[in-house]
Amino acid sequence: MGPRKVSPLLLYCIFASHSEVLAAESVACLHKALCRLKDIWEEIGIPEDQRLQRTNTVNTHIKNLLEMMIQEEEALKKKFLISIKTCSTQMETLCEELQMPVFQEEGGVSMLQQERNIRTRVEVLTKEKARRLQQLQVLLEQDQDLCDVLCCEPHGLNAPGNAPTVPSLQQLQELQQHVSNQQEERAKRHTEFVQLRQQIVRLMEEVEKVPENSFEKDVMCEEEDAFCLSSENLQALTLLLREIRSQVSAQCEVLKAQILQLWECLQVPEENRSAFSQHMLGSSCRTLKELQTELQRLQQLKLQNIRAVTLSLRAQINQMWDRCLISSEQRGEFGAYVSEDFTEDLLCEHEAELQRLQLLFEEHRQMFEGVQRWEEHWSLYLELERKASDPSRFTNRGGNLLREEKQRAELHKSLPKLEKQLKAQIEQWEQQQSREFLVNGKKFLQHVEQQWELHHVEKEKEKQERHMKRNKQTEEDMLYGTIVRTPTKRRFLPSSTTPRGSKRCNATGVSSSASNSTTRSVYGGTVCHSPVSRPPLSANKVSERTHTHTQTHTHTGVQ
């Protein structure tokens, strides 16, 4: 009997893996199904062309099903690859944040196992990160509380503006040590604060001093935990004892100055001053009490001589009124100035008024001095205008005419600028004082306007008087035959005149014309123009109207 044949399917099943066996069974099942379908179609009697069509439909259906299954498995593979990549990136980031070496995967590991290993590693690192951040948060809160109490800078990990990051193990240990040191420093400073506070409270009670500022109130406060234990505050506590003594010394100096002033005011004899001189040197609490007693005695003596002191204050008040440009109406508002009932209240009113005026002058010194400067410039300007109208000034050979014209030009520019500056300062002053700024009972700008208007009226009056005087002189000359003809331009000389004579005549004509022009300028009012081209800020309308009127008369005089 010959050797038995082994089917290829059996051989394939022997040597193939389990998955391959399953694949072969699937192929055999598919082949069997197709054969069964063929038999059914033959039994039914389906024509060949329809059987071919149905076979194609089965093939298409099987292909679509297999392709769909393949796509699903490909998607699963892609999902594992994406998960491996994502977890690898997270693991690298976590290792970098935690300052740990990156996990290295062993070779020969399947994709599924690799994904599982990396994902597990990421979970472990995430938990370690959360643990460190939680520990960091606790330490940072403790450090911040200590910084608030000690008024010091926080740790570098707790610096303002720094985003919270995952600290290393070494950084956590350093922060823990820093917090421990801060706690020890807090206990030390608290002990020092309690000791200093007890001494300060005892001293303030001895000198009968009450807290004057927020720092002293914080020191005297019973809630010790509310006090900031900064190094600066502890130094301030150390210096507070000296400050209290210095305050006592300052009070002594103030009392000494008041005593000296009253000695001079009351003309206390020298022997009385010498008897009290020993108390004018020290600055202890005992000295302070002695000075207070002496001051009270002198104040009582001042009340007994209140009339002389009040009159002295009135002289000073009157001087300050002048400096502050106080009008008579405003001065009259201070009724105590004319009172003859010399009492303590009257004296206090005078002292308060003098102090108010001194403060007012110092606060607006620039404005008051500016007004005084304008008055000086205005007086100088009027003086120069008066000199410019004097015909005798042309006989001056000392150069004064040139200097006066230069001064007039400078004042022509400086007066409008000064008025503009004073206007801004006065507006600010009126807003602050809630009342008008008056000069001689009028607003300053109105005062300036009236000065300019009065000046233009005077100039117009002088011009009219000169014009009438010239007309009267002309009438008298014509009546009595003594008319003086005004030099006019000479006619063109005939050609027979010699060149030298022609030059002489022309020179004479020019000189006469120039002299005549000068004379008309002086007596016609064309030299002494007021600076109406740049009118004062407070007198624009009046200046423009007066300027137009002046120009009309000036042209009439020249013609």
Side-chain angles (χ1 to χ4, degrees), residues 93-100 125-252 283-285 288:
T93 303
L94 290 171
C95 290
E96 183 180 356
E97 292 179 348
L98 297 173
Q99 302 181 15
M100 298 175 62
L125 294 176
T126 302
K127 291 181 180 180
E128 176 64 16
K129 176 181 178 181
R131 185 189 67 82
R132 292 189 186 182
L133 288 176
Q134 183 179 4
Q135 186 179 1
L136 175 65
Q137 184 66 25
V138 173
L139 293 175
L140 291 180
E141 290 177 358
Q142 294 178 359
D143 179 63
Q144 185 63 45
D145 293 339
L146 292 170
C147 290
D148 294 339
V149 175
L150 300 177
C151 297
C152 61
E153 295 295 330
H155 191 269
L157 296 176
N158 197 20
N162 289 350
T165 58
V166 182
S168 63
L169 296 177
Q170 182 180 359
Q171 289 176 333
L172 286 176
Q173 292 177 359
E174 293 178 355
L175 181 58
Q176 179 66 48
Q177 184 64 35
H178 172 75
V179 171
S180 300
N181 295 337
Q182 291 290 81
Q183 291 175 347
E184 294 177 359
E185 182 67 18
R186 176 184 179 182
K188 177 182 176 181
R189 293 188 182 183
H190 185 267
T191 302
E192 183 178 359
F193 162 72
V194 171
Q195 295 176 355
L196 290 173
R197 178 176 177 274
Q198 292 176 354
Q199 297 177 11
I200 292 172
V201 170
R202 184 173 62 252
L203 179 60
M204 294 182 70
E205 290 177 352
E206 291 179 356
V207 298
E208 298 180 355
K209 176 179 173 59
V210 296
E212 297 179 354
N213 50 46
S214 59
F215 180 76
E216 294 180 0
K217 292 179 181 179
D218 292 339
V219 173
M220 301 295 293
C221 181
E222 296 180 358
E223 298 179 0
E224 297 179 355
D225 295 336
F227 188 80
C228 180
L229 299 176
S230 63
S231 57
E232 292 79 6
N233 284 347
L234 293 178
Q235 292 177 0
L237 287 174
T238 304
L239 297 176
L240 186 55
L241 296 176
R242 300 179 185 176
E243 291 182 359
I244 296 174
R245 291 171 182 159
S246 63
Q247 289 177 4
V248 173
S249 178
Q251 293 179 5
C252 291
S283 59
S284 62
C285 296
L288 179 62

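Position 1 is the first residue of the sequence; numbering continues from there.
- Phe215 has its side chain within reach of Asn233: a pair of non-hydrogen atoms, C-beta onward, lies under 4.5 Å apart.
- Taking CD from Gln170 and CD from Glu174, the interatomic distance works out to 5.0 Å, rounded to the nearest 0.5 Å.
- Partners of Cys151 under the disulfide (SG to SG under 2.5 Å) rule, at least two apart in sequence or in another chain, are Cys228.
- For Gln99, the CD atom is densely surrounded, since the number of other residues' heavy atoms within 6.0 Å is greater than 12.
- Glu192 CD to Ser231 OG: the interatomic distance, rounded to the nearest 0.5 Å, is 10.0 Å.
- In this view, Thr126 and Leu94, Val122 satisfy the side-chain contact (heavy atoms from CB on, under 4.5 Å) rule, not counting sequence neighbours.
- Looking at Cys152 and Gln182, their side chains come closer than 4.5 Å, going by heavy atoms from C-beta outward.
- Interatomic distance, Gln142 CD to Gln137 CD, rounded to the nearest 0.5 Å: 11.0 Å.
- Taking Gln177 as the reference, Asn181 meet the side-chain contact (heavy atoms from CB on, under 4.5 Å) condition, with sequence neighbours excluded.
- Taking the salt bridge (charged side-chain N to carboxylate O under 4.0 Å, His left out) definition, one finds that Lys129 meets it with Glu97, sequence neighbours left out.
- At least one side-chain heavy atom of Leu140 sits less than 4.5 Å from a side-chain heavy atom of Leu175.
- Evaluation of the side-chain contact (heavy atoms from CB on, under 4.5 Å) rule for Glu185 yields Leu150, Lys188, Arg189 as partners, not counting sequence neighbours.
- Once rounded to the nearest 0.5 Å, the distance linking CG of Leu146 with CD of Glu184 reads 11.0 Å.
- Closest heavy-atom contact between Leu237 and Ile200: O-CD1, 3.5 Å.
- Every residue meeting the salt bridge (charged side-chain N to carboxylate O under 4.0 Å, His left out) condition with Glu128, not counting sequence neighbours, appears here in chain and number order: Arg131, Arg132.
- Expressed to the nearest 0.5 Å, how far CD of Gln173 lies from CG of Leu139 amounts to 11.5 Å.
- Of the residues Leu196, Val201, Val194, the one that meets the side chain to side chain contact (heavy atoms under 4.5 Å, CB included) test with Gln198 is Val194.
- Distance check, rounded to the nearest 0.5 Å: CG of Leu133 to CG of Leu172 gives 9.0 Å.
- Contact check for Leu125 versus Met100: side-chain heavy atoms found under the 4.5 Å cut-off.
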